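Residue numbers start from 1 in every chain, and the chains themselves are labelled A, B, ... in the order their sequence lines are given, proteins ahead of strands. As the structure is a computational prediction, the values presented were derived from the model and not from experiment.
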Amino acid sequence: MNRIRTRFAPSPTGYMHIGNLRTALYAYLFAKSQGGDFILRIEDTDRARYVADAVEFIERTLAAAKIIPDEGPHQGGKFAPYVQSERMDIYKRCAEELVASGHAYRCFCAGEEAPTDGNKFGGYNRHCRDLSPAEVEKNLAEGKPYVIRQKMPLEGETTFYDVLHGNITIANSELEDQVLLKSDGMPTYNFANVVDDHLMEVSHIIRGTEFITSTPKHVLLYDFFGWELPTFIHLAPVMGKAADGTVSKLSKRHGATGFHDLIAAGYLPEAITNYVALLGWSPKNSCQEIFTMDELIAAFSLDGLSKSPAVFDYAKLDWMNGEYFKAMTDEDFADAAQDYLADFDAPRRIFLASLLKTRVAKLSDIPQMTAFLKVLPPFDAELFTNKRNKLTPQKSAEILAPAIKILEQADDWSLDALNAKIAAFVEESGLKVGTVMWPLRIALSMQKVTPGGVTEILYLLGKETSLIRLNDALNALRH
RNA sequence: GGCGCCUUCGUCAAGUGGUUAAGACACCGCCCUCUCACGGCGGGUUCAAGGGUUCGAAUCCCUUAGGCGUCACCA
């Protein structure tokens, strides 16, 4: 068997959709799991859609996701160049070869407005198919622009094997005489893709199902050239669920759908890759869900791929991202959250990291969780009411007053000392721990949910601020 | 509309003729707890519908329905 070689062949749009990332991941995982090669090829044959710096963007994104090509525009390789716009002479030569062998022909309707009801395919499909050599010569001599079209068999059917779907058969009469070479000399996707996959010795084509119906055309091309067929694997799409419950192909309307959108929202690259791997694939004989890249490579196999569409679930991504947070050291989390914790000095930053990492689904949750440390939310007496601890605003004031006295006398504001002080106060008062803690927490933060408990907040706020807040709350309660 | 693909809990999914139909997320309940979180325990009419084949079907066959894709000088 030949060497396993897969490829990721994006067009340079400057955006890495999560579905594309997954396609790249699976191609990479398969190649690596088989000891093969993974190559990156840029399909920039549409001049109108050219985006500056898109190639670097794609390379950086793959690097961030730890999907490293063995060959590509940046790392080169024996089949360079890996950018299609730099391979035009190759496509031209191959197209002419097909014209010569009678499997393709020049169509001189290029640039003309296509009829809407010419035939079942519309456009100028098959229009110039039977031009005489003399007519072709005449048009060429006149310098008329042309495209080269693939001459499809009119009868019979074409069957190809797909690893996920088995044999797929489509009648040749369903196939149009698709354009191979455009009038600007650029190849179409359907042509360049086949030529390059063959030339670059790609053994397994892993791509989305949207290409399933054009695959027979590709297969015919391989036949015309007498090339060996690669193995096809068509992946089900990644779907998104809208607010109204409808499911459709994942797109902007579903929220963040680009790798960088997710990074910007505070998800870790490893968590994104991990989650995306499980969206349409699952390991055999195992229920493992948290995977390093190496573990993914070791566990990956084609028969774990799912053939039905998968809905992207932000809730599960949140969970998985949280698992990665919890596995991090406080220092690593503080580093990752650096941009969100810039307002705190180093020791506080590490301490906050330890409190935050089990409470936050994504980094961007940090600001709203820590905002109270900077600015106290407006006073709300109702927050002091707590059924479980049998607390009312009045009762809270009764607890706050002596507690403030004790804290005012504290000269050691360390966590341990604060803990001891409060514990002693609780014991003395004969109240339940929760009953004492509740009014303190509310007075200090004005919110029911806080990172850490009362001692942690006291410590973070410092003595001065803590006492100001406590006294303010007490006054407000008595008012 | 033609052609093609898909269909197991709300979501990701295991499952390949005989299982109490795994597991995870989410949800709900309980426990733990200085709130939340973390952790622990428990809960839920899930095989699209209808026909077959079979002693036996989520697994095999047919029909229907729904969803998705595709019908470009875009990929």
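Look at the C1' atom in both B:C36 and B:A75: the space between them is 48 Å, to the nearest Å. Spacing between B:U46 and B:A14 at atom C1', rounded to whole Å, works out to 13 Å. B:C68 and B:C25 have their C1' atoms separated by 24 Å, given to the nearest Å. Here the separation of B:C62 from B:C71, taken at their C1' atoms, is 29 Å to the nearest Å. Nucleotides B:C9 and B:A58, compared at atom C1', are 13 Å apart to the nearest Å. Here the separation of B:C47 from B:G69, taken at their C1' atoms, is 25 Å to the nearest Å. When the C1' atom is used for both B:C27 and B:G44, the distance is 10 Å, rounded to whole Å. When the C1' atom is used for both B:U63 and B:U11, the distance is 30 Å, rounded to whole Å.
For the pair A:Lys182 and B:C74, the criterion of a side-chain N or O lying under 4.0 Å from OP1 or OP2 is met. A sub-4.0 Å separation between OP1 or OP2 of B:C6 and a side-chain N or O of A:Lys307 is present. For the pair A:Thr209 and B:G69, the criterion of a side-chain N or O lying under 4.0 Å from OP1 or OP2 is not met.
Here B:G2 is the nucleotide among B:U7, B:G2, B:C34 with the atom lying nearest to any side-chain atom of A:Glu174. When distances run from any side-chain atom of A:Lys326 to the nucleotides B:C5, B:C38, B:C74, the shortest one goes to B:C38. Among the nucleotides B:C38, B:A24, B:C36, the one closest to any side-chain atom of A:Thr358 is B:C38. Checking B:A75, B:U35, B:C6 against every side-chain atom of A:Thr45, the shortest atom distance belongs to B:A75. Distances were taken from every side-chain heavy atom of A:Trp319 (C-beta onward) to each of B:C34, B:C25, B:U8; the shortest belongs to B:C25. Listed candidates were B:A13, B:U11, B:C25. Nearest to the side chain of A:Ser282 is B:A13. Proximity note for A:Arg441 (side chain, C-beta onward) versus B:U35, B:C74, B:C3: the nearest is B:U35. Checking B:C6, B:C25, B:C12 against the side-chain heavy atoms of A:Ala315 singles out B:C25 as nearest. Comparing B:C12, B:C71, B:U35 by their closest approach to the side chain of A:Glu176 singles out B:C71. Closest to the side chain of A:Ile168, out of B:U11, B:G23, B:C5, is B:C5.
Distance CZ (A:Phe191) to C1' (B:C74): 17 Å, rounded to an integer number of Å. The interatomic distance linking A:Phe384 (CZ) with B:C34 (C1') rounds to 15 Å, in whole Å. Taking atom CD of A:Gln288 as the reference point, atom C1' of B:C12 lies 16 Å away to the nearest angstrom. Atom CG in A:Asp313 sits roughly 7 Å away from atom C1' in B:A26 (whole-Å rounding). Between A:Asp318 atom CG and B:A37 atom P there is a gap of 14 Å when expressed in whole angstrom units. At whole-Å resolution of the value, OH in A:Tyr275 and P in B:A26 are 12 Å apart. We find that CG of A:Asn321 is positioned 20 Å from P of B:A24, with the value rounded to whole Å. In this structure, CG of A:Leu444 is placed 17 Å from P of B:C34, rounded to the nearest angstrom.
In this structure B:A72 sits in no base pair that meets the Watson-Crick or G-U test at under 3.5 Å. Base pairing annotation: B:G18 forms a Watson-Crick or G-U wobble pair with B:C55, both donor-acceptor distances under 3.5 Å. Across every strand in view, B:C47 sits unpaired, with no contact that passes the Watson-Crick or G-U test at under 3.5 angstrom. The nucleotide B:C9 finds no pairing partner, because no Watson-Crick or G-U wobble arrangement with both distances shorter than 3.5 Å includes it. Base-pair partner of B:U35: not found among the strands shown (Watson-Crick or G-U wobble, both distances under 3.5 Å). Of the nucleotides present, none pairs with B:A26 by Watson-Crick or G-U wobble criteria with both distances under 3.5 Å.
Proximity of A:Phe232 to A:Thr215: side-chain heavy atoms (C-beta onward) are separated by under 4.5 Å at one or more points. A 4.5 Å side-chain heavy-atom check between A:Tyr105 and A:Cys128 finds at least one atom pair inside the cut-off. No side-chain heavy atom of A:Pro187 sits less than 4.5 Å from a side-chain heavy atom of A:Gln84.
Using a 4.0 Å heavy-atom cutoff across all strands shown, A:Gly434 reaches sugar-phosphate atoms only and no base atom. Within 4.0 Å of A:Phe211, counting heavy atoms only, lies at least one base atom of the nucleic acid. Looking at heavy-atom distances under 4.0 Å, A:Val147 makes contact with a base. When heavy atoms are screened at a 4.0 angstrom cut-off, A:Val311 is found touching the sugar-phosphate backbone but no base atom. Within 4.0 Å of A:Thr450, counting heavy atoms only, lies at least one base atom of the nucleic acid. Within 4.0 Å (heavy atoms only), A:Thr455 reaches at least one base atom of the nucleic acid. Base engagement by A:Gly452 is indicated by at least one non-hydrogen atom pair under 4.0 Å involving a base atom.
A:Asp365 and A:Tyr340 form no side-chain donor-acceptor contact under 3.5 Å, judged by distance and modelled atom types alone.
For the pair A:Cys287 and A:Leu278, both in contact range of RNA chain B, the more 5′-proximal nearest nucleotide belongs to A:Leu278. Between A:Leu317 and A:Pro451, the residue anchored closer to the 5' end of RNA chain B is A:Leu317, taking for each the nucleotide with the nearest heavy atom.
Take A:Leu407 and apply the side chain to side chain contact (heavy atoms under 4.5 Å, CB included) test, not counting sequence neighbours, and it matches A:Trp413, A:Leu418, A:Leu458, A:Leu467, A:Leu470. Every ring-ring contact (aromatic ring centres under 6.0 Å, His included) that A:Tyr275 has, sequence neighbours left out, goes to A:Phe312.
Within the cation-pi definition used here (under 6.0 Å to the ring centroid, within 45° of the axis), A:Arg348 qualifies as a partner of A:Tyr459.
Evaluated for a side chain to side chain contact (heavy atoms under 4.5 Å, CB included) with A:Asp177, the options A:Arg129, A:His127, A:Gln150 yield exactly one hit, A:Arg129.
Side-chain atoms of A:Lys284 stay outside donor-acceptor range of the base of B:A14, with no qualifying N/O pair under 3.5 Å. Contact annotation: side chain of A:Thr213 to base of B:C71, donor-acceptor pair absent below 3.5 Å.
Between A:Phe300 and A:Tyr26, the ring centre distance stays below 6.0 Å.
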